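First up is the structure itself, then whatever we jot down about it.
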Amino acid sequence: MKHLISAMLFLSMVFTVLPAEEPTIAQTDENSSSAPSAGFDLNRLTFNGSGEFFKLDLLTDSVIVGTGVTFLGTEILINKFAHLKNKVWDGSSFDKNDVPSFDRAFMQPFSSGLNTAGDIFQFVALLSPAALIAAPMEEWLTIGVMYAETVLATYSLKEFTKALVNRTRPYMYYDEKPLDLIAKGDWNESFPSGHSALAFSGATFASYVFSKYFSDSPWKYVVTAASYSVAAATAIFRVAGGKHFLTDVLAGAAIGTAVGFVVPWLHTLKAGNTGNAGNRGVEPQVYLGGIGLKISF
């Protein structure tokens, strides 16, 4: 996961400093006349996009990326020099009665299988924005940059919070403990749930951005329901697998939802709605031999 975030960080920084490509008059005329075409054309992939709903901006993107880098850098410094958290378990036991009743009612022992399921659902939730491939090609790079910034901001915020909060994981309150995870210092990294934060950031980003591009399409409800269902499943498996308390996943979901909305929303502030949203649509189609989608712009 850290390698994935590092790659997104690098791409975000590169995209932030790249100048937006200004289309020429010839390109504008060509794009306007061939907009309904579904063919793949590299010339249509520009950071400028249409600017109708979302627009990249040097200042906005720099602030988002800079904030993410600052949180990550601070987290590294805290772990390296402040030593606010004890990474080594001294073998002491933990009493379930010390856990607040709200969390104690849902806490579970460690389960490798359920945690693997949580990992899988997290990655599926992070792939929720793949639904935005239905957007015009001119918007793909804008969407990609915004999503990279969303993941970076979510990851850095949850890592910074973990560095400040010392909370023992639920599996430490049971006799059977995952000694390999304890040896890695994972045992007191319970708050907040990073899996839930990343899953809900992906779900919120996909739902919000898709609804912006296809405001009149009934498919926005499908995308929203599917993406949030996967995110919720991620949180459930993290609790059921003994890695998190209920309040951990609720906090993670709140962080992810907030970042997943705020990052793309900031890119709407300098965007101009041309009033053509009604011309866009995604409709189910049934044809001889199968079913599919009709995408119109």
Side-chain angles (χ1 to χ4, degrees), residues 1-8 85-131 151 154-155 158-159 161-162 165-206 223-257 260:
M1 176 56 66
K2 289 191 175 182
H3 294 298
L4 173 63
I5 303 303
S6 299
M8 287 187 172
K85 306 185 73 167
N86 180 21
K87 295 289 186 179
V88 180
W89 176 45
D90 59 7
S92 60
S93 59
F94 297 91
D95 188 353
K96 293 181 181 179
N97 292 322
D98 294 334
V99 178
S101 58
F102 181 72
D103 281 324
R104 188 168 63 247
F106 298 95
M107 63 187 294
Q108 298 293 327
F110 180 78
S111 170
S112 178
L114 293 177
N115 276 286
T116 299
D119 292 338
I120 294 173
F121 273 95
Q122 177 202 220
F123 284 111
V124 173
L126 283 170
L127 292 175
S128 297
V151 174
T154 304
Y155 182 82
K158 69 95 174 175
E159 284 292 296
T161 306
K162 279 183 178 290
V165 180
N166 191 335
R167 190 179 198 189
T168 306
R169 290 194 185 274
Y171 61 65
M172 294 299 292
Y173 293 84
Y174 295 87
D175 294 333
E176 297 295 328
K177 299 177 176 61
L179 299 180
D180 56 335
L181 295 179
I182 294 176
K184 295 177 182 178
D186 173 79
W187 63 278
N188 65 345
E189 297 280 338
S190 192
F191 187 90
S193 169
H195 281 62
S196 300
L198 290 168
F200 275 89
S201 69
T204 303
F205 182 92
V223 171
T224 299
S227 57
Y228 275 110
S229 295
V230 174
T234 302
I236 291 172
F237 279 117
R238 297 302 281 175
V239 174
K243 288 294 287 287
H244 288 290
F245 295 103
L246 182 58
T247 49
D248 298 335
V249 299
L250 291 177
I255 291 173
T257 300

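Given the structure is predicted, the values throughout are model-derived calculations rather than measurements.
Heavy-atom neighbours of K87 NZ from other residues, nucleotides or ligands within 6.0 Å: above the threshold of 12. For CZ of F121, the number of neighbouring non-hydrogen atoms (other residues, nucleotides, ligands) closer than 6.0 Å is 12 at most. Within a 6.0 Å sphere centred on CG of D175, other residues, nucleotides and ligands contribute 12 heavy atoms or fewer.
Side-chain atoms of Q122 and R238, non-hydrogen and from C-beta on, never get closer than 4.5 Å to each other. With contacts defined as side-chain heavy-atom distances shorter than 4.5 Å, the pair Y171/I182 qualifies.
Using bins of under 30°, 30° to 60° and over 60° for the plane-to-plane angle, the ring pair Y173/F245 lands in the perpendicular bin.
Closest approach of N166 and N86 over heavy atoms only: ND2-N, 4.0 Å. What you find for A251 and P192 is that their closest heavy atoms are CB-CB, 4.1 Å. What you find for G241 and L114 is that their closest heavy atoms are CA-CB, 3.9 Å. Shortest non-hydrogen contact noted between M107 and Y174 is O-OH, 3.1 Å. When all heavy atoms are compared, the tightest approach of H244 to V249 is CB-CG1, 4.0 Å. The two residues S193 and S196 make their nearest non-hydrogen contact at OG-OG, 2.9 Å.
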- [ ] Check the pair Y228 / T204 against side chain to side chain donor-acceptor pair (under 3.5 Å), numbers first and verdict last.
- [x] CA-CA 8 Å; Y228 275 110; T204 303; 2.8 Å; yes
Task: Chi angles and distances behind the side chain to side chain contact (heavy atoms under 4.5 Å, CB included) call for L181, W187 - done: CA-CA 7 Å; L181 295 179; W187 63 278; over 6 Å; no
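Counting only N and O atoms by type, the side chains of N188 and R167 include no donor and acceptor under 3.5 Å apart.
Atom CZ of residue F200 and atom CD1 of residue I255 lie 12.0 Å apart, to the nearest 0.5 angstrom. Here the straight-line distance linking atom CG of L198 with atom CZ of F123 works out to 9.0 Å at 0.5 Å rounding. Taking OG from S128 and CZ from F205, the interatomic distance works out to 11.0 Å, rounded to the nearest 0.5 Å. Note: T247 OG1 to F102 CZ = 7.0 Å, rounded to the nearest 0.5 Å. Taking NZ of K158 as the reference point, atom OG1 of T154 lies at 10.0 Å (rounded to 0.5 Å).
In terms of modelled atom types and a separation under 3.5 Å, the side chain of T257 and the main chain of A254 share no donor-acceptor contact.
The side chain to side chain donor-acceptor pair (under 3.5 Å) test with H195 is passed by exactly one of N115, D119, D248: D119. No option in K243, R169, K162 other than R169 meets the side chain to side chain contact (heavy atoms under 4.5 Å, CB included) test with S190.
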